[in-house]
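Here the structure is laid out as structure tokens; the discussion comes afterwards.
Every heavy atom of this structure was used, including side-chain atoms; hydrogens, water molecules and symmetry mates were not. Note that this is a predicted model, so its numbers are computed, not measured.
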Amino acid sequence: MLVPRQSVPALTVETLENGTFDLSGDGADFATLVVFYRGLHCPICATYLKELGRLTEDFAAKGVKTIAISSDDQDRAQKMSDKVAQPGLRFGYGLPLTVARAWGLFISTSRGTTSIGIEEPALFSEPGVFLVKPDGTLYFASVQTMPFVRPHFQEMVGALDFVQKNDYPARGEYTGAV
């Protein structure tokens with residue numbers, strides 16, 4: 001289990017247009033918003049990533065870099081990027097499922113062809129959203145077992161004003177006995 005204020009696992013993937021993404025060297029002023037998505041087969045992911053792409057400049061204005069990552073191969077990631085049509089959003093691909101699991105993501109098995117006629121991969125990760133500070137520590141996390149009901153990016157952009165103004169600490173860091 002990942003713990004706020006503690007280091008996250010290493011994360012390195014290839015991107016469609018930005019070379020190799022290495023979280024440890026991303027260089028965000030405040031944080032990197034890592035959004036793990038299910039893959040090309042997920043219509044909810046496409047809608048969700050369109051919203052992320054639309055708000056990427058707003059995140060950047062608050063010192064937050066964004067990236068969307070899946071275990072899809074390069075071809076499927078490119079098709080998702082084309083569908084989302086948000087040139088400012090970085091797309092990473094080829095996420096090893098062992099890394100997905102290290103990040104606490106749930107892994108699902110294929111149920112065949114989806115409602116939009118695209119075959120699910122044999123195995124893929126379910127969604128997760130992580131805000132990681134430049135020192136590699138976790139600030140925020142949300143992990144899903146389903147494609148539904150994800151954090152709203154517009155709400156996150158607004159919350160960053162409060163967080164930054166008040167130097168609000170990451171919460172959920174206590175790991176002792178209860």
Side-chain angles (χ1 to χ4, degrees), residues 1-16 21-24 26 31-53 55 59 64-81 83-84 89-133 136-156 159 170-175 178:
M1 173 175 76
L2 299 186
V3 177
R5 303 186 203 173
Q6 300 297 316
S7 295
V8 297
L11 180 60
T12 304
V13 294
E14 293 303 314
T15 68
L16 294 176
F21 168 82
D22 183 343
L23 180 60
S24 68
D26 197 37
T32 299
L33 181 61
V34 179
V35 178
F36 294 105
Y37 70 98
R38 301 171 83 225
L40 176 64
H41 64 276
C42 178
I44 295 170
C45 293
T47 301
Y48 195 57
L49 295 179
K50 283 180 186 178
E51 180 72 358
L52 176 60
L55 294 169
F59 279 113
V64 175
K65 290 185 171 185
T66 61
I67 186 165
I69 300 173
S70 77
S71 58
D72 277 349
D73 63 22
Q74 183 177 6
D75 180 61
R76 285 173 67 105
Q78 185 63 61
K79 288 177 181 171
M80 180 60 100
S81 176
K83 182 186 294 190
V84 169
L89 179 59
R90 296 181 291 178
F91 275 84
Y93 61 89
L95 176 72
L97 293 177
T98 54
V99 174
R101 185 162 279 162
W103 277 77
L105 300 179
F106 292 91
I107 309 298
S108 290
T109 57
S110 177
R111 295 187 47 86
T113 303
T114 65
S115 62
I116 58 172
I118 298 175
E119 188 77 18
E120 290 182 344
L123 296 172
F124 58 93
S125 66
E126 291 297 337
V129 177
F130 299 83
L131 197 59
V132 180
K133 300 290 282 183
T137 59
L138 180 64
Y139 186 79
F140 166 89
S142 177
V143 177
Q144 324 300 124
T145 62
M146 291 281 198
F148 318 108
V149 192
R150 303 182 197 189
H152 296 275
F153 293 124
Q154 185 66 59
E155 185 178 334
M156 291 176 71
R171 303 310 312 263
E173 75 288 353
Y174 180 74
T175 59
V178 293

Determine the minimum heavy-atom distance between [X] and [Y], stating which atoms define it.
X: Pro127; Y: Pro147; value: CG-CA, 4.2 Å
X: Ile116; Y: Lys83; value: CD1-NZ, 3.8 Å
X: Ser71; Y: Ser125; value: OG-N, 4.4 Å
X: Val13; Y: Tyr93; value: CB-O, 3.6 Å
X: Asp22; Y: Ser24; value: OD1-OG, 2.8 Å
X: Phe106; Y: Gln144; value: CD1-O, 3.4 Å

Could you list the residues that satisfy salt bridge (charged side-chain N to carboxylate O under 4.0 Å, His left out) with Lys79, not counting sequence neighbours?
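Here the qualifying residues are Asp75.
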
According to salt bridge (charged side-chain N to carboxylate O under 4.0 Å, His left out), who are the partners of Glu120, at least two apart in sequence or on a separate chain?
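By the salt bridge (charged side-chain N to carboxylate O under 4.0 Å, His left out) rule, Glu120 matches no residue at all.
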
Got a second to check how far [X]'s [atom1] is from [Y]'s [atom2], nearest 0.5 Å?
X: Leu89; Y: Leu52; atom1: CG; atom2: CG; result: 5.0 Å
X: Phe21; Y: Ile67; atom1: CZ; atom2: CD1; result: 4.5 Å
X: Ile69; Y: Leu105; atom1: CD1; atom2: CG; result: 10.0 Å
X: Leu123; Y: Thr109; atom1: CG; atom2: OG1; result: 7.0 Å
X: Gln78; Y: Leu40; atom1: CD; atom2: CG; result: 11.0 Å
X: Leu131; Y: Met156; atom1: CG; atom2: CE; result: 5.5 Å

Within-4.5 Å side-chain heavy-atom neighbours: [X] and [Y]:
X: Asp72; Y: Pro121; value: yes
X: Thr145; Y: Glu126; value: no
X: Ser70; Y: Met80; value: no
X: Leu11; Y: Leu95; value: yes
X: Val132; Y: Asp26; value: no
X: Arg171; Y: Arg5; value: yes
X: Pro9; Y: Leu2; value: yes
X: Phe130; Y: Val8; value: no

Restricting to pairs with a member in residues 39-53, which pass side chain to side chain donor-acceptor pair (under 3.5 Å), not counting sequence neighbours?
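Matches after skipping sequence neighbours: Glu51-Arg54.
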
Checking Val143 against Trp103 for the side chain to side chain contact (heavy atoms under 4.5 Å, CB included) test, could you report, in this order, the C-alpha distance in whole Å, the side-chain angles of both residues, the deciding distance, and whether it holds?
CA-CA 9 Å; Val143 177; Trp103 277 77; over 6 Å; no

Check the pair Arg150, Val129 against side chain to side chain contact (heavy atoms under 4.5 Å, CB included), reporting the backbone distance first and the verdict last.
CA-CA 8 Å; Arg150 303 182 197 189; Val129 177; 5.6 Å; no

Under 3.5 Å, is there a donor-acceptor pair between the side chain of Arg90 and the main chain of Thr66?
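Answer holds: yes.
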
Assess whether side chain to side chain contact (heavy atoms under 4.5 Å, CB included) is satisfied between Thr175 and Gln6, documenting all intermediate values.
CA-CA 11 Å; Thr175 59; Gln6 300 297 316; over 6 Å; no

